[in-house]
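Note that the structure is predicted; figures quoted are calculated from it, not measured. Per chain, numbering begins at 1; letters A, B, ... match sequence-line order.
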Protein chains: 2
Amino acid sequence: MEENKNIRIIDIAKMAGVSIGTVDRVIHNRGRVSQKKLEKVKAILEQFNYTPNIIARSLVSKKSYKLIALIPSFAENEYWMYVAQGITKAAEEVRAYGVVVEQHHFNQYDKTSFDRAIEAIKSIEFDGIVIANFFKTSVITLSEFLNEKDVSYVYIDANIYDQHPLAYYGTNSYDSGAIAAQMMLERIDHNKDILVSKISYQQDELSNQVLNREKGFLDYLQNARYSGKIVDVRLKVEDPLYNFNTLDQIFRQHPNGAIAGAITFNSSCHILAHYLKEKEIRDIYLVGYDLIEKNRALLKEGTIKLLIGQRPELQGFNAIKALSNKIILGVDPERINFMPIDLLIKENVDYYKDF
Amino acid sequence: MEENKNIRIIDIAKMAGVSIGTVDRVIHNRGRVSQKKLEKVKAILEQFNYTPNIIARSLVSKKSYKLIALIPSFAENEYWMYVAQGITKAAEEVRAYGVVVEQHHFNQYDKTSFDRAIEAIKSIEFDGIVIANFFKTSVITLSEFLNEKDVSYVYIDANIYDQHPLAYYGTNSYDSGAIAAQMMLERIDHNKDILVSKISYQQDELSNQVLNREKGFLDYLQNARYSGKIVDVRLKVEDPLYNFNTLDQIFRQHPNGAIAGAITFNSSCHILAHYLKEKEIRDIYLVGYDLIEKNRALLKEGTIKLLIGQRPELQGFNAIKALSNKIILGVDPERINFMPIDLLIKENVDYYKDF
DNA sequence: TTGGAAAGTGTTAACGTAAACACATTTTGA
DNA sequence: TCAAAATGTGTTTACGTTAACACTTTCCAA
């Protein structure tokens, strides 16, 4: 296996005593080559470890590939904006290779919206898709459809273990719940109460992500022989007044600092934080997820004590890159790619900007 | 500003009623274009927001660029190996554009070795350099030489504020020391003692990095009205026996758990950890820097309580990318790029693999 | 005023790969 | 047996940019 950086098709052709056309046919397994020449050319390709110049390849190839990113719609500075930024950044890098990325959005609180987006996608031709893994049954149906059509798909945010995406980028949700519990138990009395708040839209079902985090959290508490009470509360994205009153009622039922810790398992921790701030309740160890702007501010001023980050930009970026590397270079990515579980506190949050 | 994805030189030429040669001269400011045509072409370039196809550009350009990375030599799984991995990864990405990266190593504990490497570099032709910012005066001399020759340079690891590198990638050392202090004071009695261990080679001078971290650490303690004693100890990279005896002596002088915390300001925390482990001293909150393999193991088993990470791979990767983007695309990077100050504990360390 | 330099402009080859095309030879089947 | 189909092979064009080159026109100094 001789090392040679820049051996070209024409060099191979000369050495094999054939034309570049023949070498090209061998490289691409297009047939129409005699057994004798085929072997000769293959041997020389092997010997010189020929690798095509991808620059030249993508210049000539007028082929363009379409990738789809199926993610929730988002407002400024919401969680999925950061994922979208990573997607866009990757899209810029791969554009030169003829890869075009198209974002399709859905309402993350509404399964029918997700299903509608899927239907729309089914009628499009595309070469790969990044799926924000929200509604399990829908995602499974879509995955089977894609298997059928032999189109690569990558999950982000959450994984489904008995499916076989090209890759998964996201955290280990269960463990990140356990870490939240560990950090909390280090700071609070083990027999005081913990408020667990779930925030959703109307009576919507919760995402796998949230459910897994909660499981990790509760399991950890149990193993650590936590002896306080878990106080559950369900808040509503669209109804601040309802939230306020509900929380008021809960804190009346648990007076005098009975509640020592509080947690939400998604990025909407700021809702709970605003209540605590308004009521000037300062002695609660409040933990949330995701470094969105609203949370960042409340972390810096001290209402939120800990945020757990999951590298949304990197998830989006890597997912697109994985698909495009698969398509352009034929390179398979790692199947499971857990993102770091970043611990963000007041003091280090300023250094988490674009990651 | 009309949007048009793939406008080509020939399209511009047609619209301006000139040849592609003229458009090319305008784009590259090569002169030899009449005022009238120049304005016309510029207007159209502007209007259609022409961006060159970098694929085609780099295909035609036989030019190759050489970048140098001046970093310490390293053994398997030492800190600088991770930086080198980031450099190598970036090198692979930019190779297709004719950028070649050459690593030059020096002994990080030996200034004369650094100076020798610099002399060697001075006799080479190259287009950009990444400098591991170790010995201040030497780096300043080198920087001035590079300014003279108009060659771009990027600092990593530490910064020098009155110099003007193309960019800096690394942490804010002072703040990362303060964060270490904050985490420690949350766990230990404020009037117990803290062991501050500095580890170097023979009587060598300490790096700016270590000095700044220490300053941030001590300043934080002072502001937080910490009332214990700081116990300083200087260990030696090459002399385990010396280290063992020195520590033994210190712990004899501070018996009965007088020392509640310990910290090293570089990646050699494992030396201290091994002593504590051997002596079965378990009630010390030990903090170190950098997720190298030796530290990882000791963190997982609980001897080290906290590691502060600084994304070595990303530093190396970004530094090379910055230089190559500057050279190939003419794009200037951000000047100061602080890496996140990652908090690594037993529970989340498994998810920090390749970042 | 004139000849050579300078300025202005268009044409073309090159980068390495892909694939259409042209052509020759062999094989197949009625 | 012979035309059509299949196989084997080399040639050429295209991708978009760059830069060398060729050519024409203008300018200036002797």
Just by distance, no angles: are the side chains of A:Y79 and A:Q310 close enough, under 3.5 Å, to form a donor-acceptor pair? yes
Report the residues that fulfil side chain to side chain contact (heavy atoms under 4.5 Å, CB included) with B:Q85, sequence neighbours left out, ordered by chain and then residue number. B:M81, B:Y82, B:E313
CD1 of B:I9 versus C1' of D:dG16: gap in Å, rounded? 7 Å
Roughly how far apart are B:F338 CZ and B:T171 OG1, rounded to 0.5 Å? 8.0 Å
Counting only side-chain N and O atoms of B:Y50, is one of them less than 4.0 Å from OP1 or OP2 of D:dT17? yes
What residues form a side chain to side chain donor-acceptor pair (under 3.5 Å) with B:Y50, not counting sequence neighbours? none
Any residue meeting salt bridge (Lys or Arg N to Asp or Glu O under 4.0 Å) with B:K321, in chain and number order, not counting sequence neighbours: B:E93
With sequence neighbours excluded, residues passing side chain to side chain contact (heavy atoms under 4.5 Å, CB included) with B:S34: B:K36, B:K37
Set of residues satisfying salt bridge (Lys or Arg N to Asp or Glu O under 4.0 Å) with respect to B:E102, sequence neighbours excluded: B:K66
Rounded to the Å, how far apart are A:D24 CG and D:dG8 C1'? 15 Å
So, using side chain to side chain contact (heavy atoms under 4.5 Å, CB included) as the criterion, who are the partners of B:T22 when residues are at least two apart? B:V18, B:S19, B:R25, B:V33
Which residues pass the salt bridge (Lys or Arg N to Asp or Glu O under 4.0 Å) test with A:D127, sequence neighbours left out? none
Quick one: side chains of residues 69-77 of chain B, donor-acceptor pairs under 3.5 Å with protein atoms, not counting sequence neighbours, listed by atom name and distance.
unit_1, atom_1, unit_2, atom_2, d
B:S73, OG, B:F106, O, 3.4

Under 4.0 angstrom between B:H28 side-chain N/O and D:dT18 OP1 or OP2: yes
Less than 3.5 Å apart, which donor and acceptor atoms pair up between the side chains of residues 114-126 of chain B and the rest of the protein, not counting sequence neighbours?
unit_1, atom_1, unit_2, atom_2, d
B:D115, OD1, B:S138, OG, 2.6
B:D115, OD2, B:K111, NZ, 3.2
B:S123, OG, B:A120, O, 2.8

A:N53 vs B:G17, nearer the 5' end of DNA chain C by closest nucleotide: B:G17
Under 4.0 Å from a heavy atom of chain A: give me the 5'-most and 3'-most nucleotides of DNA chain C that qualify. C:dG16 to C:dA19
Polar atom pairs between nucleotides 11-15 of chain D and protein, under 3.5 Å, N or O only, would you list them?
unit_1, atom_1, unit_2, atom_2, d
D:dC15, O2, A:V60, N, 3.3

Of residues 29-38 of chain B, the positions that come close to DNA chain C - non-hydrogen atoms, cut-off under 4.0 Å: B:R32, B:V33, B:S34, B:K37
